[in-house]
Amino acid sequence: MPSAELALERITAELLDMGRLVESQVRTALGLLTGPAPDAAELDRLIKSDKVVDQAENTIDLACNEALAIYTPVADDLRKVLTIMMVNGELERMGDHAKNIARSAKKLYDGDGEPLPIIDELQRATDVVVDMVHRSLGSLVASDGSQAKQVYESDSDIDQICKAINPQLMRLMQEQPVLVPRAVEGIRVVHNIERIGDLAANVAKDVVFLATGEVVRHDGRTEHIDIRH
């Protein structure tokens, strides 16, 4: 039986591998929104890769529960296991939203391959979200609470961008009824982008807990949780 330290190192490595895959999914899915009309094979690969993320989540969740049962960790080790379990679920949900975006992407193009006329705003949204995901995972690798704080504080930026896009889509549906089905998909995409931003912010808050033992509340307040015993 491996030591508790080795077991946690292995689980952490598996989580980081999962994080890299999910970050790649998010980058690819969001790239489909602002590039040329997506290739069907690329869409299928992205959608199918979600099963790999689901399996990784199950494997990591089982390993964490086994670690809790076998090693009964306390203090820093317990905080690490709890953090891994929280991040694990958030990464899986990010993968789900990336899959949803991929499914909507092909519906955002009309017969001549032209995207909806919100390309600039979508590019801004995708840039912010990809950066949030990347920096949240970077803060996890480094256990850097300061970097993580910068990530979750930027969540309001993506919220504002997404709120600005939706009225444009509503006006588009009123002015060009033929575009209603695609505009509805656009609204779904915006929702998924916003949720990925929320989840990246949650990962960052988990890193703050890992690094400092402080829980970040919804209103931004922090509360220290003592789990030394």
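Residue numbers start at 1 and run along the sequence shown. These figures come from a predicted structure and were not determined experimentally.
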Side chain to side chain contact (heavy atoms under 4.5 Å, CB included) partners of [X], counting only residues at least two apart:
X      : result
Asp61  : Asn65, Met85, Asn88
Ala67  : Ile11, Tyr71
Asp131 : Arg135
Val141 : Leu16

Show every donor-acceptor pair shorter than 3.5 Å between a side-chain atom in residues 186-204 and any protein atom, with sequence neighbours excluded, or say none if there are none.
{"unit_1": "Arg188", "atom_1": "NH1", "unit_2": "Glu185", "atom_2": "OE2", "d": "2.5"}
{"unit_1": "Asn192", "atom_1": "OD1", "unit_2": "His97", "atom_2": "ND1", "d": "2.7"}
{"unit_1": "Asn192", "atom_1": "OD1", "unit_2": "Asn100", "atom_2": "ND2", "d": "3.2"}
{"unit_1": "Asn192", "atom_1": "ND2", "unit_2": "Arg188", "atom_2": "O", "d": "2.8"}
{"unit_1": "Arg195", "atom_1": "NH1", "unit_2": "Asp198", "atom_2": "OD2", "d": "3.0"}

Please round to the nearest 0.5 Å and tell me the distance separating atom [atom1] of [X] and atom [atom2] of [Y].
X      : Y     : atom1 : atom2 : result
Leu68  : Leu78 : CG    : CG    : 7.0 Å
Ile84  : Leu15 : CD1   : CG    : 6.0 Å
Ser136 : Glu90 : OG    : CD    : 9.5 Å

Exercise for the section: Report the C-alpha distance between Asp127 and Arg124 in whole Å, list the side-chain angles of each, state the deciding distance to 0.1 Å, and finish with yes or no for salt bridge (charged side-chain N to carboxylate O under 4.0 Å, His left out). Expected result: CA-CA 5 Å; Asp127 288 347; Arg124 287 180 61 213; over 6 Å; no
Handout entry: Residue pairs, two or more places apart or on separate chains, that pass salt bridge (charged side-chain N to carboxylate O under 4.0 Å, His left out) and touch residues 40-54
Key = Asp50-Lys99
Practice task
Could you tell me whether Lys80 and Asp77 have a side-chain N and a carboxylate O separated by less than 4.0 Å?
Solution key: no
Problem - Residues in side chain to side chain donor-acceptor pair (under 3.5 Å) contact with Ser49, at least two apart in sequence or another chain - result: Gln25
Completion exercise
Applying side chain to side chain donor-acceptor pair (under 3.5 Å) to Gln55 and not counting sequence neighbours gives Thr59
Problem - Closest contact, heavy atoms only, Ala29 versus Ala98 - result: CB-O, 3.5 Å
Handout entry: Counterpart residues, salt bridge (Lys or Arg N to Asp or Glu O under 4.0 Å), relative to Glu23 (two or more places apart)
Key = Arg27
Handout entry: Heavy-atom donor-acceptor pair, Ser104 side chain to Ile101 backbone, under 3.5 Å
Key = no
Exercise for the section: Only pairs at least two apart or in different chains count here, so list each side-chain hydrogen bond (donor to acceptor under 3.5 Å, both in side chains) that has a residue in residues 162-177. Expected result: Glu121-Gln168
Do the non-hydrogen side-chain atoms of [X] and [Y] ever get within less than 4.5 Å of each other?
X      : Y      : result
Val184 : Leu169 : no
Glu9   : Leu6   : yes
Leu91  : Val53  : no

Exercise for the section: Tell me, with the steps shown, if Arg79 and Asp76 meet salt bridge (charged side-chain N to carboxylate O under 4.0 Å, His left out). Expected result: CA-CA 5 Å; Arg79 194 158 69 228; Asp76 290 347; 3.1 Å; yes
